[in-house]
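Just below is one structure, and these are the notes that go with it.
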Amino acid sequence: MAPVVDTPTPTFDHKKVTVIYVLGGPGAGKGTQCARLVEDFDFCHLSAGDLLRAEQNREGSQFGDLIRTCIKEGTIVPMEVTIKLLENAMTAAMKERESTGTDGWKDGRGRFLIDGFPRKMDQAVKFDETVCLSSMVIYFSTTEEVMLGRLLERGKTSGREDDNVESIKKRFRTYKSDTMPVIQYYSEQGKVAEVDSSGSIEEVHKAASKVVNDVFAIKHA
Ligand SMILES: Nc1ncnc2c1ncn2[C@@H]1O[C@H](COP(=O)(O)OP(=O)(O)OP(=O)(O)O)[C@@H](O)[C@H]1O
Ligand SMILES: O=c1ccn([C@@H]2O[C@H](COP(=O)(O)O)[C@@H](O)[C@H]2O)c(=O)[nH]1
């Protein structure tokens, strides 16, 4: 007899809730572009990095020190922590939208841009299986030189502990070793739309909007 395998039921049904992962190297422009796509498509934008920074600073958090160390060292926080934060934020957003109700979100329908996640294969598999199967990945690509320049410029005002040369180099290393395989994995499934993010914010936005438009056109066809 075949062994019984427990298949988890995801918290959200991907036929009703669209999850788009937004990946790219540190400083590629993910957050900037997500903010623009929110204006166009009424997404809820969830940045895994922002959620982790909020948890790090939350009084009484048992994960504060762990998150602080990982962020400074450019390593990945254990997936259970990040996935729970994302799931909680999605649940809260769904509840809020249900009560206020905007057109794209009626009847429990939702659309999420999940920025800077999944950073590692274990996160990708676990989130897809237990929270919501993702629809696609928008992959913002540019050179390390461009990313470094942007991050150092941002570091003048961001107050981020990881916007310095030492941390940036570590983040580039983690990106190559842990995140590139995730992009490869989804690419093999035909789920990745690559957008060159070397140009101006406006140029990149135009290309990214086109990608999202196509996704919704297919979904609603
Ligand atoms: N196309 C662009 N041209 C010039 N500057 C840009 C462009 N896109 C983003 N920036 C600037 O580069 C910096 C990094 O952008 P952003 O924060 O969006 O990157 P990110 O990929 O989200 O980075 P991280 O992963 O480190 O959070 C910001 O200061 C932003 O204003
Ligand atoms: O899924 C994730 C996402 C992020 N981290 C950690 O946070 C920092 C900053 O992330 P940004 O997306 O650049 O804001 C990242 O370097 C990781 O240390 C994570 O562990 N898991």
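We count ligands from 1, going down the list as the structure has it; atoms in each ligand are counted the same way.
Using a 4.0 Å cut-off between charged side-chain N and carboxylate O, Glu203 and Lys206 make no salt bridge. Comment: Glu153 does not engage Arg150 in a salt bridge, judged by the lack of any side-chain N to carboxylate O separation of less than 4.0 angstrom.
Residue contacts with ligand 2, taken as heavy atom pairs separated by less than 4.0 Å, do not involve Lys30 at all. The residue Asp163 has no part lying near ligand 1, judged by heavy-atom distances below 4.0 Å. At a heavy-atom distance under 4.0 Å, only side-chain atoms of Arg53, from C-beta outward, approach ligand 2. Neither the backbone nor the side chain of Lys170 has any atom closer than 4.0 Å to an atom of ligand 2 (non-hydrogen atoms only). At a heavy-atom cutoff of 4.0 Å, ligand 2 is contacted by the side chain of Thr82 but not by its backbone.
For the pair Lys84/Glu80, no side-chain contact is recorded, criterion being any heavy-atom separation below 4.5 Å from C-beta on. Within the 4.5 Å cutoff, the side chain of Asp178 has no heavy atoms near those of the Arg173 side chain. Between Arg171 and Leu151, the closest side-chain pair of non-hydrogen atoms falls below 4.5 Å. Side-chain contact check for Ile114 versus Leu86: some heavy-atom pair is nearer than 4.5 Å. Within the 4.5 Å cutoff, side-chain heavy atoms of Pro118 are placed close to those of Tyr186. You'll find the side chain of Ile76 stays beyond 4.5 Å of the side chain of Cys70, heavy atoms only. The shortest side-chain heavy-atom distance between Val81 and Leu85 falls under the 4.5 Å cut-off. When side chains are defined from C-beta on, Val182 does not count as touching Tyr21, because their heavy atoms never get closer than 4.5 Å.
Set against the non-hydrogen atoms of Cys70, the atoms of ligand 2 under 4.0 Å away are 18 (O). Ligand-side atoms of ligand 2 in range of Val77: 19 (C), 20 (O), range being under 4.0 angstrom from any heavy atom. Under a 4.0 Å criterion applied to the non-hydrogen atoms of Phe117, ligand 2 contributes the atoms 1 (O). Of all atoms in ligand 2, numbered sequentially from 1 with element shown, those under 4.0 Å from a heavy atom of Ile76 are 20 (O), 21 (N). The contact set between ligand 2 and Arg171, taken as ligand atoms under 4.0 Å from a residue heavy atom, comprises 13 (O). Against a heavy-atom cut-off of under 4.0 Å, Ser200 is close to the following atoms of ligand 1: 1 (N). For ligand 1, the atoms lying closer than 4.0 Å to a non-hydrogen atom of Gly31 are 18 (O), 20 (P), 22 (O). Contact atoms of ligand 1 toward Lys30: 18 (O), 19 (O), 20 (P), 21 (O), 22 (O), 23 (O), 24 (P), 25 (O) (distance under 4.0 Å to a heavy atom of the residue). Within the listing of ligand 1, atoms 26 (O) sit less than 4.0 angstrom from a heavy atom of Leu151. Residue Gly49 approaches ligand 2 through these ligand atoms, each under 4.0 Å from one of its heavy atoms: 10 (O), 14 (O).
Ring geometry, Phe112 versus Phe12: the interplanar angle falls from 30° to 60°, so the pair is classed tilted.
Contact between Gln33 and ligand 1 is absent, with no heavy atom of the residue lying under 4.0 Å from the ligand. Put simply, part of Gly199 is less than 4.0 Å from ligand 1, judged by heavy atoms. For Gly24, the closest heavy-atom approach to ligand 1 does not fall below 4.0 Å. Residue contact annotation: Met147 has no non-hydrogen atom under 4.0 Å from ligand 1. Proximity of Asp115 to ligand 1 is not established, as no heavy-atom distance is less than 4.0 Å. The shortest separation from a heavy atom of Gly116 to ligand 1 is not under 4.0 Å, leaving the residue out of contact. Taking a 4.0 Å cut-off on heavy atoms, Gly49 fails to register as neighbouring ligand 1.
In this structure, Lys72 places its NZ atom where only 12 or fewer heavy-atom neighbours from other residues, nucleotides or ligands lie under 6.0 Å away.
For the pair Thr75 and ligand 2, the shortest N or O to N or O distance falls below 3.5 Å. Between Pro26 and ligand 1, no pair of N/O atoms sits closer than 3.5 Å. Looking at ligand 2, you won't find any N or O of Asp50 less than 3.5 Å from one of its N or O atoms.
Thr82 and Ala48 get closest at one heavy-atom pair: CG2-CB, 4.0 Å. For the residue pair Thr11 and Glu87, the shortest heavy atom distance occurs at OG1-OE2, 2.6 Å. Across all non-hydrogen atoms, the minimal contact from Ala193 to Val211 is CB-CG1, 3.6 Å. The minimum heavy-atom distance between Thr174 and Gly74, with the atom names listed, is OG1-O, 2.6 Å.
The protein atom (non-hydrogen) at minimum distance from atom 16 (P) of ligand 1 is Thr32 OG1, 3.5 Å. The shortest contact between atom 3 (N) of ligand 1 and any protein heavy atom is with Arg150 NH2, 3.4 Å. Of the protein's non-hydrogen atoms, the one nearest atom 19 (O) of ligand 1 is Gly29 N, 3.3 Å. For atom 13 (O) of ligand 2, the closest non-hydrogen atom of the protein is Arg160 NH2, 3.1 Å. Nearest protein heavy-atom contact of atom 3 (C) of ligand 2 is Gly116 O, 3.3 Å. Nearest protein heavy-atom contact of atom 27 (O) of ligand 1 is Arg160 NH1, 3.2 Å. With hydrogens left out, the protein atom closest to atom 23 (O) of ligand 1 is Gly27 N, 3.1 Å, a heavy atom. Protein heavy atom closest to atom 17 (O) of ligand 1, with residue, atom name and distance, is Arg154 NH1, 2.7 Å. In this structure, the protein non-hydrogen atom closest to atom 12 (O) of ligand 2 is Arg119 NH1, 3.1 Å. Nearest to atom 26 (O) of ligand 1 among the protein's heavy atoms is Arg171 NH2, 2.7 Å. Here the heavy atom of the protein found nearest to atom 8 (C) of ligand 2 is Ile71 CG1, 3.9 Å.
Put simply, OG on Ser197 and CE on Met147 are 8.0 Å apart, with the number rounded to the nearest 0.5 Å. Expressed to the nearest 0.5 Å, how far OG1 of Thr75 lies from NZ of Lys170 amounts to 9.0 Å. To the nearest 0.5 Å, the span separating CG on Asp163 from CG on Leu152 amounts to 8.0 Å.
Around atom 5 (N) of ligand 2, the closest heavy atom drawn from Leu52, Val81, Val22, Ile67 belongs to Leu52.
Both Met121 and Val131 sit in one connected hydrophobic cluster of ILVMFWY residues. Membership requires side-chain heavy atoms under 4.5 Å apart, directly or through other members.
Between Phe117 and Phe127, a ring centre-to-centre spacing shorter than 6.0 Å is recorded.
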